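Data block below; observations after.
These figures come from a predicted structure and were not determined experimentally. For the single chain, residues carry numbers from 1 onward in sequence order.
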Amino acid sequence: AMSFAFRSEEFTTRFHVPSFEAWLQDEKNLAPAYAMHRLVLQVLQRRMGRARWILKSPVHLHSLATLRSTYPDARIAITHRDPATMLASLTSLVAHLRWAHSDVVDARDLARAHVERYARTLGRVAEEAGTGAPRASADRLHLRYADLVADPVGRVEDLYRHFGLEVGPAFAARLRAEALRRSGREHGDHVYDLAALGLDREALRATFAGYRARFSIPEEI
């Protein structure tokens, strides 16, 4: 939806244009993108009446203030995962997408850029969580990815309760059935090679130490 405003990570994901990427990372430049995002949802909802939209995108993590100003009643759930795994996965995905549009893709350069950006963003998220319980905010919920994998039903029920949403019998049954269906790890494991991306485990530990400690995030790779 943000691509209609020509302010979207769809472009920076597919193409290597550092000047545009740097400009896009300035959150004040994203207000028109979120205005367009809201308009697109309004057009899609015009014949539906009131509805609750579920928006799933890591892009919003970089611009939570603009998201909040555009959708003041939004409820935000943030899933926290080992940054090493997350960054390796993200870099692998973006590199593969860029290969479709270019003959030259520097995965190591991508990895460095992602480390710098997420160090800023995740540091800000940790700072905003304060020193109390990370799950205390009425409009925001923090979940550990490891806990979600270990008990998806319980964590989704926690999410609903946190935001004052009802977990009825029919929904609970569908939730359990879906969790059971996915428990077979239908997509298998994806093994990441940090060294191939020029990422150093010890350096990542130091860079994201505060963030990992704030949310008690275990290492995965």
Validation row: [X], [Y] side chains within 4.5 angstrom (heavy atoms):
X      : Y      : result
Leu197 : Leu110 : no
Leu24  : Leu30  : yes
Leu61  : Leu122 : yes
Leu141 : Arg75  : no
Leu64  : Leu67  : yes
Val104 : Asp106 : no
Arg214 : Glu127 : no
Leu44  : Trp53  : yes

- Candidate pair Thr12 and Val17, rule side chain to side chain contact (heavy atoms under 4.5 Å, CB included), full reasoning: CA-CA 7 Å; Thr12 59; Val17 187; over 6 Å; no
Please find the pair of heavy atoms, one from [X] and one from [Y], that lie closest to each other, and give the distance.
X      : Y      : answer
Val115 : Leu199 : CG2-CD2, 3.7 Å
Leu159 : Ala77  : CD1-CB, 3.7 Å
Pro32  : Ala5   : O-CB, 3.9 Å
Thr91  : His114 : OG1-ND1, 3.1 Å
Ala126 : Phe215 : CA-CE1, 3.9 Å
Pro218 : Arg212 : C-NH2, 3.9 Å

- Item | Gln42 atom CD: more than 12 heavy-atom contacts under 6.0 Å | yes
- Query: Counting only heavy atoms not in Phe163, do more than 12 sit closer than 6.0 Å to its CZ atom?
  - Reply: yes
- Task: Give the C-alpha distance, both sets of side-chain angles, the deciding distance and a yes or no for side chain to side chain donor-acceptor pair (under 3.5 Å) between Ser63 and Glu27.
- Result: CA-CA 6 Å; Ser63 47; Glu27 189 170 352; 4.9 Å; no
Flag, side chain of [X] to backbone of [Y], donor-acceptor distance under 3.5 Å:
X      : Y     : answer
Ser92  : Ala88 : no
Thr70  : Thr66 : yes
Arg68  : Ala74 : yes
Ser102 : Arg98 : no
Arg46  : Val43 : yes

- Quick one: name the residues clustered hydrophobically with Leu93, using the 4.5 Å side-chain heavy-atom rule over I, L, V, M, F, W, Y, and just say none if it's on its own. Leu97
- Message: Are Tyr145 and His80, when compared by the centres of their aromatic rings, separated by less than 6.0 Å?
- Response: no
- After noting the C-alpha distance and the side-chain angles of Gln25 and His62, does the key distance pass the side chain to side chain contact (heavy atoms under 4.5 Å, CB included) rule? CA-CA 8 Å; Gln25 289 181 21; His62 302 298; over 6 Å; no
- Query: Which ring-ring contact (aromatic ring centres under 6.0 Å, His included) pairs, counting each pair once, include a residue from residues 85-107, with sequence neighbours left out?
  - Reply: Phe15-His101
- Item | Mutual orientation of the aromatic rings belonging to His60 and Tyr34 [parallel < 30°, tilted 30-60°, perpendicular > 60°] | tilted
- Message: Is there a ring pair (Phe, Tyr, Trp, His ring centres under 6.0 Å) between Phe11 and Phe6? Walk through the geometry before answering.
- Response: CA-CA 8 Å; Phe11 306 118; Phe6 208 73; 4.6 Å; yes
- At what distance, to the nearest 0.5 angstrom, does CG of Leu204 lie from CG of Leu194? 6.5 Å
- Taking it one step at a time, do Val125 and His142 satisfy side chain to side chain contact (heavy atoms under 4.5 Å, CB included)? CA-CA 10 Å; Val125 169; His142 295 278; 4.1 Å; yes
- Task: List for me each residue that meets ring-ring contact (aromatic ring centres under 6.0 Å, His included) alongside Tyr71, sequence neighbours excluded, and say none if there are none.
- Result: His37
- Across all chains, not counting sequence neighbours, the salt bridge (charged side-chain N to carboxylate O under 4.0 Å, His left out) partners of Arg81 are Glu220
- Message: According to salt bridge (charged side-chain N to carboxylate O under 4.0 Å, His left out), who are the partners of Arg112, at least two apart in sequence or on a separate chain?
- Response: Asp109
- Residue pairs passing the salt bridge (charged side-chain N to carboxylate O under 4.0 Å, His left out) test where at least one lies in residues 142-152, sequence neighbours excluded: Arg144-Asp147, Asp151-Arg155
- Task: Kindly determine whether Phe4 and Leu39 satisfy side chain to side chain contact (heavy atoms under 4.5 Å, CB included), including the steps that lead there.
- Result: CA-CA 10 Å; Phe4 289 114; Leu39 177 61; over 6 Å; no
- When you look at Arg50 and Gln45, which way does the side chain to side chain donor-acceptor pair (under 3.5 Å) test go after all the steps? CA-CA 8 Å; Arg50 292 178 62 84; Gln45 191 178 329; over 6 Å; no
